[in-house]
Trainee: 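I am attaching a structure below and will ask some questions about it afterwards.
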Protein chains: 2
Amino acid sequence: MNFVIDNLVGIGILARETGTSVQTVRYYESRGLLPAPPRTEGGQRRYGRLHRDRLAFIRHAREMGFALDAIGELLRLSKEEDASCGPVDRIAREQLQLVDRRIEQLCALRETLSRMIDRCDGESVTSCRILEALGPSQNLPASGKDGGTGA
Amino acid sequence: MNFVIDNLVGIGILARETGTSVQTVRYYESRGLLPAPPRTEGGQRRYGRLHRDRLAFIRHAREMGFALDAIGELLRLSKEEDASCGPVDRIAREQLQLVDRRIEQLCALRETLSRMIDRCDGESVTSCRILEALGPSQNLPASGKDGGTGA
DNA sequence: CCTATTCCCTATAGTGGTTGTAGGTTCAAG
DNA sequence: CTTGAACCTACAACCACTATAGGGAATAGG
């Protein structure tokens, strides 16, 4: 009864509206990112506009690749009324650097992978350039002495 | 005694030689990627050249971003003597596609993030463009019918 | 009021690829 | 024989979820 005056919704609707799964909403709550909402007498969560806004913020930030801890920090900072947004800026720039590094790594990797594939003629595994490229033969010393007793 | 005739090494040396951690070597064994090596009488693992080669293969493949399951598949395929390397090629191409998709996503993300940051003037959180961009205000439906009772 | 359906609850385990820990045993050098 | 490093197993933690089991709550229709 108490909550009908506000247009409160259940967790399923909230989740659908924000492109989240129900479990994830509860997970955010357990992580302290979303405040615990009021409950019905039966114990079910009821959410209002503020919760929706906050969850939407979290989802947007996740789409930007921010870690949950960073998002928590952003939310905290956004509530300090007179604070400068310097720290916010710093977190965002760190995230950008992270993304830049990952892109660079992936691009290098893509190059290597693509070259590997180009050289493969599709014949047999014994002559496969892909397996060859992955194999350890590149930087072995001399392999003359092999005691075959092994295994 | 049995293993001294071969130039077998302990797990620590193997790990160091291949740029792996000791735990990770054991983890690969538990995942079935590395065969269980012979042991000393005291129960310690002793590795030979074949193990080193195989582990080096795994590490190279991991550097290429292949998942452990895919690596297992590659290893399996590489042992089928007369097989064509078509499946190997397929796995590598799938990996390339995966990498391409990730690069694309990250680049798009980078754009958004970078634009966000550029617009931030470093003043106060109340006017911060970053927080604004992450906020939910962008795609609210019509806000005319909003029970404004909300806390 | 009863029932059926849908939603929701908690608690727990699993994902991928490691890393870290605790509490003990074995090895190699001196 | 003693020391210290390396090694052993088994288990928990990381991140951000996802999935499952075994129930209870809300709601629409009869």
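By convention in this document, chain letters (A, B, ...) are assigned in the order of the sequence lines, proteins followed by strands, and residues within each chain are numbered from 1. Computed from a prediction, not measured in an experiment: that's the story for all the values here.
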Trainee: Take atom CZ of Arg31(A) and atom P of dT18(D), then tell me their distance rounded to the nearest Å.
Mentor: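 Atom CZ in Arg31(A) sits about 14 Å away from atom P in dT18(D).
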
Trainee: Rounded to the nearest Å, what distance is computed from the CZ atom of residue Arg46(B) to the C1' atom of nucleotide dA6(D)?
Mentor: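 Taking atom C1' of dA6(D) as the reference, CZ of Arg46(B) is at 9 Å.
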
Trainee: Is the closest basic N to carboxylate O distance between Arg101(A) and Glu104(A) below 4.0 Å?
Mentor: no

Trainee: For Ile11(B) and dT26(C), give me the distance from atom CD1 to atom P, rounded to whole Å.
Mentor: 17 Å

Trainee: Give a yes/no answer on whether the side chain of Tyr28(A) brings an N or O atom under 4.0 Å of OP1 or OP2 in dC17(D).
Mentor: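 Yes, within the criterion.
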
Trainee: Mind calculating the distance between CG (Leu55(A)) and P (dC17(D)) to the nearest angstrom?
Mentor: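 These atoms are roughly 11 Å apart.
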
Trainee: In plain terms, say whether Asp118(A) and Arg129(A) are close enough for a salt bridge, that is, a side-chain N and a carboxylate O under 4.0 Å apart.
Mentor: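 No.
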
Trainee: May I ask you to say whether Arg59(B) pairs ionically with Glu63(B), meaning some side-chain N is under 4.0 Å from a carboxylate O?
Mentor: no

Trainee: What does Phe66(A) touch in the nucleic acid at a heavy-atom separation under 4.0 angstrom: a base, only the sugar-phosphate, or nothing?
Mentor: nothing

Trainee: Quick one: on DNA chain D, does Leu68(A) or Gln23(A) contact a more 5' nucleotide (nearest heavy atom)?
Mentor: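 It is Leu68(A) whose nearest nucleotide is closer to the 5' end.
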
Trainee: For the pair Arg90(A) and Glu94(A), evaluate salt bridge (charged side-chain N to carboxylate O under 4.0 Å, His left out) and give the outcome as yes or no after the intermediate values.
Mentor: CA-CA 6 Å; Arg90(A) 183 183 51 74; Glu94(A) 280 173 9; 3.0 Å; yes

Trainee: Given dA6(D), is OP1 or OP2 found less than 4.0 Å from the side-chain N or O atoms of Arg16(B)?
Mentor: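 For dA6(D), neither OP1 nor OP2 has a side-chain N or O of Arg16(B) closer than 4.0 Å.
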
Trainee: Would you indicate which nucleotide in dG17(C), dC7(D), dA16(D) comes nearest to any side-chain atom of Tyr27(B)?
Mentor: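 The closest nucleotide is dG17(C).
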
Trainee: Is any NZ, NE, NH1 or NH2 atom of the basic residue among Glu132(B) and Arg119(B) found under 4.0 Å from an Asp or Glu carboxylate oxygen of the other?
Mentor: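 Between Arg119(B) and Glu132(B) there is no salt bridge, as every charged N stays at least 4.0 Å from the carboxylate O atoms.
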
Trainee: OP1 or OP2 of dC27(C) sitting under 4.0 Å from any side-chain N/O of Thr40(B)?
Mentor: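 Answer yes for this pair, as a side-chain N or O of Thr40(B) is under 4.0 Å from OP1 or OP2.
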
Trainee: Roughly, in whole Å, what's the span from CG in Leu8(B) to P in dC27(C)?
Mentor: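 Leu8(B) atom CG is separated from dC27(C) atom P by 14 Å.
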
Trainee: If you only use heavy atoms from C-beta on, which nucleotide in dT18(D), dC17(D), dC8(D) is closest to the side chain of Arg45(B)?
Mentor: dC8(D)

Trainee: Give Arg26(A) one of three labels, base, sugar-phosphate or nothing, depending on what nucleic acid heavy atoms sit under 4.0 Å from its own.
Mentor: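 Arg26(A): base contact, heavy atoms under 4.0 Å.
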
Trainee: Is there a donor on the side chain of Glu41(A) or the base of dA25(D) sitting less than 3.5 Å from an acceptor on the other?
Mentor: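 Counting by modelled atom types and ignoring angles, no donor-acceptor contact under 3.5 Å is found here.
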
Trainee: Compare the minimum distances between each of dG24(D), dA16(D), dA6(D) and the side chain of Gln44(A), then state the nucleotide with the smallest one.
Mentor: dG24(D)

Trainee: Hey, which of these two, Gly12(A) or Thr24(B), hits DNA chain C nearer its 5' end, going by closest nucleotide?
Mentor: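 Of the two residues, Gly12(A) wins.
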
Trainee: Taking the side chain of Arg62(A) as its heavy atoms from C-beta onward, which of dG20(C), dG24(D), dC17(D) lies nearest to it?
Mentor: dC17(D)

Trainee: Under 4.0 Å between a side-chain N/O of Arg39(B) and OP1 or OP2 of dT9(D), yes or no?
Mentor: yes

Trainee: May I have the distance from Asp69(A) (atom CG) to dC14(D) (atom P), rounded to whole angstrom?
Mentor: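 That distance rounds to 10 Å.
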
Trainee: On DNA chain C, check which nucleotide each of Gly42(B) and Ala67(B) is closest to and give me the residue with the more 5' one.
Mentor: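 Looking at the nearest nucleotide for each, Ala67(B) comes out on the 5' side.
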
Trainee: Using a strict 4.0 Å threshold on nitrogen-to-oxygen distance, state whether Arg26(B) and Glu29(B) make a salt bridge.
Mentor: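 Not counted as a salt bridge, because no side-chain N and carboxylate O are separated by less than 4.0 Å.
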
Trainee: What is the distance, to the nearest angstrom, from the CD atom on Gln95(A) to the P atom on dC15(D)?
Mentor: 15 Å

Trainee: Roughly how many Å is it from CD in Glu29(B) to P in dC8(D), rounded to a whole number?
Mentor: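 That distance rounds to 9 Å.
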
